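Structure record follows, encoded as structure tokens.
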2 protein chains.
Amino acid sequence: MGRTTGSHSDITRPKIRAAALRLFARHGFAAVSMRALATEVGVQAGALYNYTPDKQTLLFTLLQDHMNDLLEACTSDAAPTALERLRHFVDFHIRFHADRPDEVFISYMELRNLTTENFATVETLRRQYEDRLEAILRDGAAAGDFAIADTKIATLAVIAMLTGVNTWFRAGGRLSLDEVITQYWDMVRKSVMAG
Amino acid sequence: MGRTTGSHSDITRPKIRAAALRLFARHGFAAVSMRALATEVGVQAGALYNYTPDKQTLLFTLLQDHMNDLLEACTSDAAPTALERLRHFVDFHIRFHADRPDEVFISYMELRNLTTENFATVETLRRQYEDRLEAILRDGAAAGDFAIADTKIATLAVIAMLTGVNTWFRAGGRLSLDEVITQYWDMVRKSVMAG
DNA sequence: GTCTATAAAAAGATAGAC
DNA sequence: GTCTATCTTTTTATAGAC
């Protein structure tokens with residue numbers, strides 16, 4: 001008793017999502033026309049408007065969903081020490097982002113193409129994610145395990161370093177992701193540790 | 001004696017450069033029309049083509065000039081130890097990039113909008129800059145001062161961390177640039193130092 | 001849900017007057 | 001060197017048939 005034969009919604013919708021991520025990451029949001037997107041999906045341009053009211057909403061949905069996925073996946077580690085929780089965060093951040101290079105790229109590159117209201121929504125979610133790391137660093141500093149001059153700066157510095165992996169890492173390259181994580185964890189750990 | 005009265009070349013050219021940097025950084029290369037650029041400059045669209053053969057060449061020139069400025073300003077420090085040269089690099093990198101937020105933003109965001117050939121040219125220059133830091137880290141590791149698993153990864157990790165300052169730092173904010181540099185230097189130093 | 005066709009606006013780039 | 005005017009193409013989005 002399923003859906004009618006003519007309903008391609010649950011096939012076309014994920015295809016649009018995948019194609020948009022790929023093309024926006026490769027060429028940039030403004031450089032990708034709805035025609036080019038439709039061609040990549042395998043439909044005509046007009047059909048896209050069954051799934052999004054306009055191009056802007058399509059971009060916004062991609063970024064919002066990505067941030068929600070990130071926040072949902074970033075479970076608070078139950079480890080007792082801040083050092084262990086930091087290790088967990090580093091491992092999680094690198095793996096999660098390495099799995100979604102297009103989402104991550106778009107999330108950093110195309111914020112400026114969001115409307116003011118949509119930007120504010122995405123920015124709030126991003127801030128929530130940063131707060132997870134900041135809480136770990138604050139706990140470690142309070143316990144005397146970490147030596148950090150300014151917690152907020154340290155948060156941004158660590159996230160920038162970790163997210164930078166995405167600019168060069170490719171699976172099957174010289175180093176495995178495990179090796180990469182090992183070295184980044186070593187650098188992050190040392191950078192915040194007390195003497 | 002002087003130039004002819006009708007020649008506005010040395011006035012308009014830098015205005016185009018400044019306007020293009022500002023608009024490309026704010027809205028993205030593909031999202032800025034030649035008409036919008038002309039309006040920002042204060043001329044008509046057709047006049048722009050006295051200064052660039054096309055839009056692509058305009059973008060390429062901005063990025064190429066920026067990388068050449070960077071390489072020229074990044075003088076090799078004569079300090080005897082790798083640690084001192086690293087400190088010099090951190091200070092230089094943060095200051096140089098903080099002074100040119102638009103150039104830096106565009107250099108990371110709009111690489112994908114360059115033609116294959118133009119991209120290769122800019123990429124070669126970027127690689128040369130990375131090599132400056134990598135040489136410092138290699139020297140320090142060879143001397144036993146640094147403990148780094150992979151020099152190339154450490155290079156990219158440090159540059160990503162330092163360039164990340166540009167995503168949030170604003171002059172006149174909570175912290176001075178000197179304070180920011182002090183903390184980043186502390187984190188970078190610790191992250192590469194041997195036990 | 002997808003198609004064809006089209007409306008209406010905007011794009012990159014050029015020609016020729018001044 | 002800049003202007004106005006224009007050519008040609010492409011854009012986002014909609015209407016109506018199937």
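Reminder, nothing fancy here: chain letters follow the sequence lines and each chain counts from 1. Reckoned from all heavy atoms, side chains included, excluding hydrogens, waters and symmetry mates. No experiment lies behind these values; they were computed from the predicted model shown.
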A/Phe96 and A/Phe89: aromatic ring centres closer than 6.0 Å?
->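 So the answer is no for these two rings.
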
Do A/Asp69 and A/Arg100 meet the salt-bridge criterion of a basic N to acidic O distance under 4.0 Å?
->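 Salt bridge absent between A/Arg100 and A/Asp69.
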
Would you call A/Glu110-B/Arg112 a salt bridge at under 4.0 Å N-O?
->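 B/Arg112 and A/Glu110: salt-bridged.
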
Closest to the A/His8 side chain: C/dT14, C/dG1, D/dT2?
->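 Output: C/dG1.
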
All N/O pairs under 3.5 Å across the protein-nucleotides 3-6 of chain D interface:
from	atom 1	to	atom 2	distance (Å)
D/dC3	OP2	B/Gln44	N	2.6

Whole angstroms only, please: what is the [atom1]-[atom2] distance between [X] and [N]?
{"X": "A/Met34", "N": "C/dA9", "atom1": "CE", "atom2": "C1'", "result": "16 Å"}
{"X": "B/Asp54", "N": "C/dA11", "atom1": "CG", "atom2": "C1'", "result": "14 Å"}
{"X": "B/Lys55", "N": "C/dA10", "atom1": "NZ", "atom2": "C1'", "result": "12 Å"}
{"X": "A/Ile16", "N": "C/dG1", "atom1": "CD1", "atom2": "C1'", "result": "11 Å"}
{"X": "A/Leu48", "N": "D/dT11", "atom1": "CG", "atom2": "C1'", "result": "14 Å"}
{"X": "B/Tyr49", "N": "C/dG12", "atom1": "OH", "atom2": "P", "result": "6 Å"}
{"X": "A/Lys15", "N": "C/dG1", "atom1": "NZ", "atom2": "P", "result": "15 Å"}
{"X": "B/His27", "N": "C/dA11", "atom1": "NE2", "atom2": "C1'", "result": "16 Å"}

Residues in side chain to side chain contact (heavy atoms under 4.5 Å, CB included) with B/Arg87, at least two apart?
->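 Scan of B/Arg87 (side chain to side chain contact (heavy atoms under 4.5 Å, CB included), adjacent residues dropped) gives B/Trp185.
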
With respect to B/Leu133, which candidate in B/Ile159, B/Thr151, B/Leu162 satisfies the side-chain contact (heavy atoms from CB on, under 4.5 Å) definition?
->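 For B/Leu133, the side-chain contact (heavy atoms from CB on, under 4.5 Å) test succeeds with only one of B/Ile159, B/Thr151, B/Leu162, which is B/Ile159.
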
Counting just side-chain N and O atoms, does [X] come under 4.0 Å of either OP1 or OP2 of [N]?
{"X": "A/Ser33", "N": "D/dT11", "result": "yes"}
{"X": "B/Tyr51", "N": "D/dT2", "result": "yes"}
{"X": "B/Thr12", "N": "D/dG1", "result": "no"}

For the residue pair A/Arg22 and A/Asp102, what are the closest heavy atoms and their distance?
->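 Of all heavy-atom pairs spanning A/Arg22 and A/Asp102, the closest is CA-OD2, 3.7 Å.
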
What does B/Val41 touch in the nucleic acid at a heavy-atom separation under 4.0 angstrom: a base, only the sugar-phosphate, or nothing?
->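 Nothing: the residue B/Val41, judged by heavy atoms under 4.0 Å, touches no strand.
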
Once the angle between the rings of B/Tyr129 and B/His97 is folded into 0 to 90°, is it parallel (under 30°), tilted (30 to 60°) or perpendicular (over 60°)?
->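 Geometry flag for B/His97 against B/Tyr129: tilted rings.
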
